[in-house]
Each structure stands twice: as structure tokens, then as C-alpha cells.
Number of protein chains: 2
Amino acid sequence: MKEKEQKILDASLKLFTERGFQGTSTAEIAKTAGVATGTLFHYFKSKEELINRLYFYTKESLLTEISAHCDDKKPFKENLKELWLDLVNFGINDSNKFQFIITFHCSPYITSLTKEEIENKLEGTLEVYKKGLKEQEIKEVYFELAMDYLWGSVVSTVDHFGKYPEKFNAHNLDLAFELFWDGISK
Amino acid sequence: MKEKEQKILDASLKLFTERGFQGTSTAEIAKTAGVATGTLFHYFKSKEELINRLYFYTKESLLTEISAHCDDKKPFKENLKELWLDLVNFGINDSNKFQFIITFHCSPYITSLTKEEIENKLEGTLEVYKKGLKEQEIKEVYFELAMDYLWGSVVSTVDHFGKYPEKFNAHNLDLAFELFWDGISK
DNA sequence: ATTCCTATAGACTGATTAGTCAATTTAATA
DNA sequence: TATTAAATTGACTAATCAGTCTATAGGAAT
């Protein structure tokens, strides 16, 4: 990826997250990225293409962070905790990307094509869960409900420690995971 | 409240939720409400005042819906379930208001004054929780974490049934509550 | 050296925006 | 009925916006 293209993505991520899509002008993005508006439209044919590429880029970052969490030697709870912790840590350390994802995941500017492309990449992650289900360690709630419960727990945990940074430590992180785990386990 | 003022609030709620704050023009709001732009600015001195009054109004609606859930004769779990169900049902039945609240609760357009005013009204709701804590029915997680866990569970449940409306029935609602309850209870 | 393509710049444009203002209608009161 | 204040209108304006266009600069290939 070209250097200026990356600068434009970084600037957009920051500004879209802070002020929203319509609240951010392409002129501001160009200025923050240190390029001319013409350069922005050279790499991205419209503001909408820019936000779609940005959505794809942030979701890819998230997926990279959470790959490979199914070590058959470890107990299921441990595998699941690693996944949960990776998601929460991504939310806290890469908070701009995480906030962008949750703000724009149901935005009308993101085309369904963009969403499909990235959702397809998510399949692997689900393996952990399927294993736990097979081993009957977790409740027999249907798959979609369990997944939304997992994601909801991650989002509310990240939001919580964003609101109370002084509470962020290993002990409270364990507490938050146990809330999630005791809900989902048998 | 004057009739046209209410029409303007209703139109704003719909349009802000669908297209965002910056994505909605005052001209569109006025047209949807069936008034002239001059009338809009007669009742609301700016677009920002409009969204702040709307935030206050939607949060008041939410609070009205969830009042008085501490019947000492009933077991704690039942009281808490009523509160949880009222929140979830509000999210599903008044989905515009609910979506507006979660979309704009950390928006820069809502002043901290507006937020304070409404948060103060929330105190009463917490009584249920305090009772359960005293009776040692729930885990000794600190107060703020438990509250954020409760709200997170409500949001993810509402989102879930919004995504899969065909799954919305009493049985699955109970399932979703049990996920929450088994997390928080001892 | 010449050709040709990509990268970069920033002035410019037509469209849209939040908010104003002077004129008019409505409603209430004296 | 006459008077006055509040409600309502929509044309108007100055500012801002997304995207275009023309002009250069650089570098690779011939």
C-alpha cells in the first residue's frame, strides 16, 4: 500500500470515529493526512469508497488479532477465554478501529458487498465454539444467540473499561469474563 | 407541548436515527414534520438544541417505561427479570427511541449538562439491584461493572431480535434472560 | 532524449446547508 | 371591535461541501 494512501486511511479512521461520516469533510481528511484533496480522490474515487475500504481494513485488523484459538490440548474454557481476551484487548488497545467497527457496522454507507466479503473471513473463529458445543460444555442456546451474547459481552466490557480506565486490571478483567462464562456455560 | 413542536421532535427522531445528525438537514426535518423551517427555529434555537431536547425526551420515555420494579414480596430474580424485560421490550417496541439513545449517548452534540440532568433521574432504578446485593443473591462484582453488564445484555438482546425477528418469542426471551441471570447470580 | 504513465497539487464549481428576517396569520384579551 | 403578542411562513444568504480539472513533477522504458 502506498504511503499516502495509508495516511489517508489513518486520518479517516481518526476523524470518522470522532465526528462521524457526514461530520468529516474530505478537505479535513486531506489536511490531516498531509495531502491535497486531489490526491485523496486519486486513491479513492468517492467518500463512500473511502469509508468502505476503511471498514474492510479495520475488520481485517480485528480478524488478524483473533486468529487461531483452537488448541485441542487445552480445555474449552481456556480457548474461549483467549478469544474473549483478544477481542477485549483489541477493543482497548486499538480503540479507534474498534469504535469505528461498532459505529459503522450497520451504517447505510457500508455496502452489503463489503460486509459479505469480510463476514466470509470470520468462519474460522467459530470453530472454538462448535467444539465446545460438541463437548457439551455450554448451554444449548442456538448458535446466533450465543454469538451475539459473546459479542455483546465484549462490547460492554470494552465500553466499561473505557469509561472507568482506573478499573482496568487483570482481576477485573477476570471478573468480567466470569460474568460471560457463567452465563454461557452449563 | 405544542402540536408542531411534537411533530418536529417525532420527525427528528426518525430522521436522526435513520441518517444520523449531520446526514439530516433541518429542511428535511421541517418537511417531514409538515412545518416551515422558520417554525423549527422558532421552537429550537439551533440544530444542536434540537438534538439535545430530543435526547432528553427519549431518555425520559425510557425511564417512564421502567419505573417501580421493587416489590418486596416478590423474589429478587423476579423483580430483576421484570426490569430486564421492560428494558428489552422498550428496545423492541420503541425501537426508534432505543436506537437513538444508543447511537447518541456518547455523541459530541449532546452536552454534558443534558446527560447529567437525565442521569440524575436514574437513581430510583438502582434500588432493585441494591436489594439483591444486600440479600447476597448476586456476585460481588462492583456496582458499575454489574450495571454495564445489565445494559450490555439488554442492548445485545434487542440487537439480536432486531436481526432475527423470527426468533422473537417468549421462550427465546427467557433463554436470553437466563444467559444474563446465570452470569450475575451466585 | 523522448515518450508515457502515475502521483500530486490546489484552485475552482455547482449544489447544499444552517440559520435569518420581514411579512402574514391566528388567537387571546381588553 | 380593536389591540397586541405569539405562531407560522418561505424566500433569502453566507458558508461549506464533494468532487473536477488543469497543471506539473518524477521515473521507467524505449
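We use all heavy atoms of the structure for the numbers below, so side chains are in, but hydrogens, waters and symmetry mates are not. Just so we're on the same page: letters track the sequence lines, and every chain starts at 1.
By the side chain to side chain contact (heavy atoms under 4.5 Å, CB included) test, A:Ala33 is found to be paired with A:Lys7, A:Ile8, A:Ala11, A:Val35, residues two or more places apart in sequence or in another chain being considered. Under the side-chain hydrogen bond (donor to acceptor under 3.5 Å, both in side chains) criterion, B:Lys77 pairs with B:Glu178, sequence neighbours left out. Checked against salt bridge (Lys or Arg N to Asp or Glu O under 4.0 Å), A:Asp174 has the following partners two or more places apart in sequence or in another chain: A:Lys81.
The interatomic distance linking A:Lys2 (NZ) with D:dG27 (P) rounds to 13 Å, in whole Å. Rounded to whole Å, the distance from NZ on B:Lys31 to P on C:dT17 is 12 Å.
Taking every heavy atom of both residues into account, B:His105 and B:Ile102 meet most closely at ND1-O, 3.2 Å.
The side chain of A:Tyr43 contributes no N or O atom lying less than 4.0 Å from OP1 or OP2 of C:dT6.
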N/O donor to acceptor pairs below 3.5 angstrom from side-chain atoms of residues 147-161 of chain B, sequence neighbours left out:
| residue | atom | partner | partner atom | Å |
| --- | --- | --- | --- | --- |
| B:Asp148 | OD1 | A:Lys163 | NZ | 2.9 |
| B:Asp148 | OD2 | A:His160 | ND1 | 2.7 |
| B:Asp148 | OD2 | A:Lys163 | NZ | 3.3 |
| B:Tyr149 | OH | A:Tyr149 | OH | 3.1 |
| B:Tyr149 | OH | A:Leu179 | O | 3.4 |
| B:Tyr149 | OH | B:Phe180 | O | 3.3 |
| B:Ser153 | OG | B:Trp84 | NE1 | 3.0 |
| B:Ser156 | OG | B:Gly152 | O | 3.4 |
| B:Ser156 | OG | B:Ser153 | O | 3.4 |
| B:Thr157 | OG1 | B:Ser153 | O | 2.6 |
| B:His160 | ND1 | A:Asp148 | OD2 | 2.7 |
| B:His160 | NE2 | A:Tyr142 | OH | 2.7 |

Distance-only check: which donor-acceptor pairs under 3.5 Å involve side-chain atoms of residues 37-49 of chain A, not counting sequence neighbours?
| residue | atom | partner | partner atom | Å |
| --- | --- | --- | --- | --- |
| A:Ser46 | OG | A:Glu48 | N | 3.4 |
| A:Ser46 | OG | A:Glu49 | N | 3.1 |
| A:Lys47 | NZ | A:Phe21 | O | 2.9 |
| A:Lys47 | NZ | A:Thr24 | O | 2.8 |
| A:Glu49 | OE1 | A:Lys45 | N | 3.4 |
| A:Glu49 | OE2 | A:Arg53 | NH1 | 2.6 |

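For residues 22-34 of chain B, every residue pair satisfying the salt bridge (Lys or Arg N to Asp or Glu O under 4.0 Å) rule, not counting sequence neighbours, is listed here: B:Arg19-B:Glu28. Sorted by first and then second residue, the side-chain hydrogen bond (donor to acceptor under 3.5 Å, both in side chains) pairs involving residues 87-102 of chain A (not counting sequence neighbours) are A:Ser61-A:Lys97.
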Give the B/S/- string for nucleotides 22-29 of chain C, one per nucleotide from 5' to 3', where a protein heavy atom under 4.0 Å of the base yields B, of only the sugar-phosphate yields S, and otherwise -. --------
Generate the contact string for nucleotides 9-25 of chain D. Rules: B means base contact, S means sugar-phosphate contact only, - means no protein heavy atom under 4.0 Å. BBB-----SBBB-----
